[in-house]
2 protein chains.
Amino acid sequence: MKKFINKPENYVDEMIKGILYAHPNKLKCVNNDLKCLTRAYEVREGKVGIATGGGSGHLPLFLGYVGEGLIDGASVGNVFASPSAAQMYEVTKEIDEGRGVLYLYGNYTGDIMNFDMAAEMADMDGIRVTSVVGNDDVASSKKGEENKRRGIAGLVFAYKTAGAYAEEGADLDEVTRIAQKTVDNTRTMGVALSPCVIPEIGKNTFSIGEDEMEIGMGIHGEHGINRGKLLEADEVVNVMMEHIFNDYEYKREDEVVVLINGLGSTPLDELYIVYRRVYEILQEKGIKIHRKYIGEFATSMEMAGMSISLLKLDEELKRLIDAPCASPFFMQK
Amino acid sequence: MKKFINKPENYVDEMIKGILYAHPNKLKCVNNDLKCLTRAYEVREGKVGIATGGGSGHLPLFLGYVGEGLIDGASVGNVFASPSAAQMYEVTKEIDEGRGVLYLYGNYTGDIMNFDMAAEMADMDGIRVTSVVGNDDVASSKKGEENKRRGIAGLVFAYKTAGAYAEEGADLDEVTRIAQKTVDNTRTMGVALSPCVIPEIGKNTFSIGEDEMEIGMGIHGEHGINRGKLLEADEVVNVMMEHIFNDYEYKREDEVVVLINGLGSTPLDELYIVYRRVYEILQEKGIKIHRKYIGEFATSMEMAGMSISLLKLDEELKRLIDAPCASPFFMQK
């Protein structure tokens, strides 16, 4: 295990301490719990709150999207482990401005159970909570069973649109509607080349041959749909895009946002080689790229791999995607 | 070699094509040469131009710093190889607005030779050129022999300050003075944990044991000052900071910019663990962190490792560091 760490059991706390040292005007922790994080600045009175949460090891996911025009709080667990319901509840109380809180997070059993419990606790306090669960990973379940799919990098689109809408002053039902529409309009396919190491375990999360890749693997190393020889970049992209096109209807003249997400150790160079091919394919199909994000948005520590996400836009999603936002990890003018 | 690439010989061109597809309003190539890149937008009449250049494989270095409030053009070579003098000259002609061009690049033999030749070619065209060479890497030569030191991530500070000053309307001599002062006030120490693979070669750039690190290694795998057992993160940072403090005078109340730069595959989590320790050390010494940058600014593809850079500020450097800037890879409000 080659990492810059001290005691593995302190990995998450020390990482968050570093983040709080670096961004004290943007992020703070609640009740001295380093794993309960909220915005450190004031927002307009009555703004709908948005909370997320999930395991550590995915930076900038989850806490990295707490920021202006984005979300308001995040509870984070140990590496790849859900935070507790109590932590989610603390974040909820802190960010509620009287108009309710949307829970917006990925489709994982532990997170769902804990967010549902936190919602009940908030309800007893008179805080109205709604939930939208990201399930963009096309590879994780077949068409028609979208509710069984994992949430991966595409969740970032929903932070962006729901966050911008809350910033505009929309009420909880409206913010929830936009988050759900964004999730419904998002499709992601991933591919993994190498595993990562959870600090407290100290071993690779999975093994994979020196010349192999796994298409559709999840960001915790969940099984994908095909393990095979590593292909050339363009062939990999062709296969991934075909899965996305088979899953969702895109027509000529449609406008999309493209997210090319590196899982950790894949260089930016390669993400642009991938984007190049995605661009060509969309050009051929007459689909317009309205905006693109290329970089690391949802990682798995030092895993090598990447994912391609498409968000199909309509006029209101386009306006919300284009709105400015600013977190220490994600800024748009 | 586990990479998302097509033919290795097309690696750089395909990467740059992806970048140009993604950012057509920001970057363009000159004379249809994908390796001669300049800003694609207009600047104020008479703005001093700033050009850089160097090998590929270091994204966002070099072309990623072409942007508003930053630099105007970059010529890039193959992976770890200098661009040609002719390419540098093409960039120079394209970005000159009649008030001259500063060459601002890292201290590597091939780059120096080619930039000097390009300056002569520009001179024959009546374009005045000055040069400032980044040499921030403390590990690469002893104190008193700073001119023998390699330029690494600290060069980004000089893009930022010189770029902001040119944007303000400063003349070539003044922009050159600020670039040189920034270089003079910058110190960097790096550490490497693993090699990378140059696509056209297909083999690791160096070998290093499973439990080893090399302090002071360069971003092309140049020898450092100590290879030894991988220490805990805080110990690694202590050693690196000691080298920096031994090399440059910092006093209580001094203000610095801190740059924690990941070399490629080191997760953001670890960079924040490192920042945490750097913050504590500077706190103990009474040195104030005016601004910090934490992420990937000068990489070596998928190399694992990181560097710590400090820029000592005075009032004018502070103003220039704080100015807004915007490239597709580096934005500051």
Side-chain angles (χ1 to χ4, degrees), chain A residues 2-7 10-12 14-19 21-22 56-57 59-60 64 79 191 193-194 196 210-213 230 232-237 264-277 279-280 289 292 294-296 299 301-302 304 306 326 328-329 331-333, chain B residues 2-7 10-12 14-19 21-22 56-57 59-60 64 79 191 193-194 196 210-213 230 232-237 264-277 279-280 289 292 294-296 299 301-302 304 306 326 328-329 331-333:
Chain A
K2 293 198 112 171
K3 290 175 186 279
F4 296 111
I5 59 171
N6 296 297
K7 301 282 168 280
N10 298 333
Y11 179 79
V12 175
E14 290 183 349
M15 175 261 286
I16 296 173
K17 261 189 202 164
I19 290 174
Y21 286 159
S56 290
L59 279 183
V79 174
V191 56
L193 300 189
S194 79
C196 59
E210 256 313 299
D211 59 348
E212 286 183 322
M213 65 174 181
L230 176 58
E232 288 196 347
D234 285 3
E235 294 175 75
V236 178
V237 174
S265 67
T266 292
L268 203 44
D269 313 44
E270 297 175 37
L271 300 183
Y272 275 99
I273 290 173
V274 165
Y275 178 73
R276 184 194 113 276
R277 183 63 195 141
Y279 175 95
E280 290 170 354
I289 300 174
K292 75 287 307 179
I294 301 156
E296 294 182 354
T299 63
M301 294 183 292
E302 69 278 16
M306 56 88 186
F329 299 83
M331 192 177 3
Q332 181 172 305
K333 277 207 292 194
Chain B
K2 292 197 110 170
K3 291 176 187 277
F4 296 111
I5 59 172
N6 296 298
K7 302 281 167 280
N10 298 333
Y11 180 78
V12 174
E14 291 184 347
M15 176 260 286
I16 295 172
K17 262 189 202 166
I19 290 173
Y21 285 160
S56 291
L59 281 184
V79 173
V191 55
L193 301 188
S194 79
C196 59
E210 256 314 297
D211 58 347
E212 285 184 324
M213 64 175 181
L230 177 58
E232 288 196 346
D234 285 4
E235 294 175 75
V236 177
V237 174
S265 68
T266 291
L268 202 45
D269 313 46
E270 296 174 38
L271 300 183
Y272 274 99
I273 290 173
V274 165
Y275 178 73
R276 184 193 112 274
R277 182 64 195 143
Y279 175 95
E280 289 169 355
I289 301 174
K292 77 284 309 179
I294 302 156
E296 293 182 354
T299 63
M301 293 182 291
E302 69 278 16
M306 57 90 186
F329 298 84
M331 191 178 1
Q332 181 171 303
K333 277 208 292 194

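Throughout, a chain's letter reflects where its sequence line sits, starting with A, and its residues are numbered from 1. As the structure is a computational prediction, the values presented were derived from the model and not from experiment.
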Note to self: Looking at chain B, which one of A:Met15, A:Met301, A:Glu280 has the largest number of heavy-atom pairs inside 4.5 Å, strictly under?
What the structure shows: A:Met15
Next item on the list: Identify which of A:Leu230, A:Val191, A:Ile19 forms the greatest number of heavy-atom pairs closer than 4.5 Å to chain B.
Entry: A:Ile19
Can you tell which of [options] has the highest number of heavy-atom pairs within less than 4.5 Å of chain A?
options: B:Thr266, B:Val236, B:Asp234, B:Leu271; result: B:Asp234
options: B:Leu59, B:Asp269, B:Val12, B:Asn10; result: B:Asp269
options: B:Gln332, B:Met331, B:Arg277; result: B:Met331
options: B:Met213, B:Glu235, B:Lys333; result: B:Lys333

Portion of [X] that has a non-hydrogen atom of chain B nearer than 4.5 angstrom:
X: A:Thr299; value: neither
X: A:Leu268; value: both
X: A:Phe329; value: side chain

Interchain contact, [X] with chain A, by part (heavy-atom threshold 4.5 Å):
X: B:Ala22; result: both
X: B:Tyr279; result: side chain
X: B:Glu296; result: side chain
X: B:Lys292; result: side chain
X: B:Ile5; result: both
X: B:Ile294; result: side chain

Of all heavy-atom pairs between [X] and [Y], which one has the smallest distance, and what is that distance?
X: A:Lys2; Y: B:Asp211; answer: CE-N, 4.4 Å
X: A:Glu302; Y: B:Ser265; answer: CB-O, 3.6 Å
X: B:Arg276; Y: A:Glu14; answer: CD-O, 3.3 Å

Check: Would the number of heavy atoms belonging to other residues, nucleotides or ligands and lying under 6.0 Å from NZ of A:Lys17 be above 12?
Finding: no
Margin query: Set out, in order, the CA-CA distance, both residues' side-chain angles and the distance that settles side chain to side chain contact (heavy atoms under 4.5 Å, CB included) for B:Phe4 and A:Val237, then state yes or no.
Written below: CA-CA 9 Å; B:Phe4 296 111; A:Val237 174; over 6 Å; no
Note to self: Do the side chains of A:Lys7 and B:Glu232 get close enough for a salt bridge, i.e. N-O under 4.0 angstrom?
What the structure shows: yes
